[in-house]
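Quick note: numbers below take in every heavy atom, side chains included, and nothing from hydrogens, waters or symmetry partners.
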Amino acid sequence: TAAVLLPGPEKRLAEPRTTLAAAGFAVTELPLYRTVGVPASDLPEAPPADGDVVFFCSPSAVDAFVAAYAERPACVAIGETTAVACRRAGLQVTVADEPSLQGMARACGLELHDSPDPPE
């Protein structure tokens, strides 16, 4: 049996541990950090405005956002794991077609273009 070390946050979703274990790997999780929210007093006062779209790149960002703001704007998730957190929080979510900023922009109907080279 091959061993897999899985570094990450102290609290995490069951994936990818479940999939790796089901495939026969001996999985050891290495909790290396904690993700904690910012105190409400340190957050910007202005929540999202009508028509804004929020880009989420992690379930912990979704959880912190919904704990801080009552608004539930449309959002784009970088992947399905983050989309699950969005749906659980009652957010209307679109999932990026690939886990990148370009994929997230496309999910909003936008296309990012390479920026020109900076002047020398």
Using side-chain hydrogen bond (donor to acceptor under 3.5 Å, both in side chains) as the criterion, list what pairs up with [X], not counting sequence neighbours.
X	value
T19	E15
E71	none
S60	S58

Shortest non-hydrogen contact between [X] and [Y], atoms and distance:
X	Y	answer
A96	A107	CA-CB, 4.3 Å
E10	P31	CA-CB, 3.8 Å
L32	P7	CD1-CB, 3.4 Å
V66	A89	CG1-CB, 3.6 Å

Inset, instruction - Output, in order, the C-alpha distance, side-chain angles, deciding distance and verdict of side-chain contact (heavy atoms from CB on, under 4.5 Å) for C86 and Q92. - result: CA-CA 7 Å; C86 290; Q92 177 188 349; over 6 Å; no
Legend entry - Contacts of C108 that satisfy side chain to side chain contact (heavy atoms under 4.5 Å, CB included) - sequence neighbours left out: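 With sequence neighbours excluded, C108 shows a side chain to side chain contact (heavy atoms under 4.5 Å, CB included) to V53, F55, V76, L110, given in chain and number order.
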Legend entry - Residues in side chain to side chain contact (heavy atoms under 4.5 Å, CB included) contact with D50, at least two apart in sequence or another chain: none
Legend entry - Sequence neighbours excluded - ring pair (Phe, Tyr, Trp, His ring centres under 6.0 Å) pairs with any residue from residues 28-51: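 Non-adjacent pairs meeting ring pair (Phe, Tyr, Trp, His ring centres under 6.0 Å): zero.
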Inset, instruction - Please list all pairs passing the salt bridge (charged side-chain N to carboxylate O under 4.0 Å, His left out) test where one or both residues lie in residues 93-103, with sequence neighbours left out. - result: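 Residue pairs passing salt bridge (charged side-chain N to carboxylate O under 4.0 Å, His left out), neighbours aside: D97-R106, E98-R106.
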Legend entry - L20: hydrophobic cluster co-members (side-chain, 4.5 Å): V4, L6, F25, V27
Legend entry - Nearest-0.5 Å distance, CG of residue D63 to CZ of residue F56: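 The CG atom of D63 sits 9.5 Å away from the CZ atom of F56.
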Inset, instruction - State yes or no: do L91 and V54 share one hydrophobic cluster built from I, L, V, M, F, W and Y residues joined by side-chain heavy-atom distances below 4.5 Å, directly or via other members? - result: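 Result: yes, single cluster for both.
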Legend entry - With D52 via salt bridge (Lys or Arg N to Asp or Glu O under 4.0 Å) - residues at least two apart: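 For D52, no residue satisfies salt bridge (Lys or Arg N to Asp or Glu O under 4.0 Å) once neighbours in sequence are set aside.
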Inset, instruction - Could I get the full list of salt bridge (Lys or Arg N to Asp or Glu O under 4.0 Å) partners for R87, not counting sequence neighbours? - result: E80
Legend entry - side-chain hydrogen bond (donor to acceptor under 3.5 Å, both in side chains) contacts touching residues 23-32 (sequence neighbours left out):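 Qualifying pairs: R12-E29, R17-E29.
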Legend entry - Partner set under ring-ring contact (aromatic ring centres under 6.0 Å, His included) for Y69, not counting sequence neighbours: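 Y69: ring-ring contact (aromatic ring centres under 6.0 Å, His included) contacts with F65.
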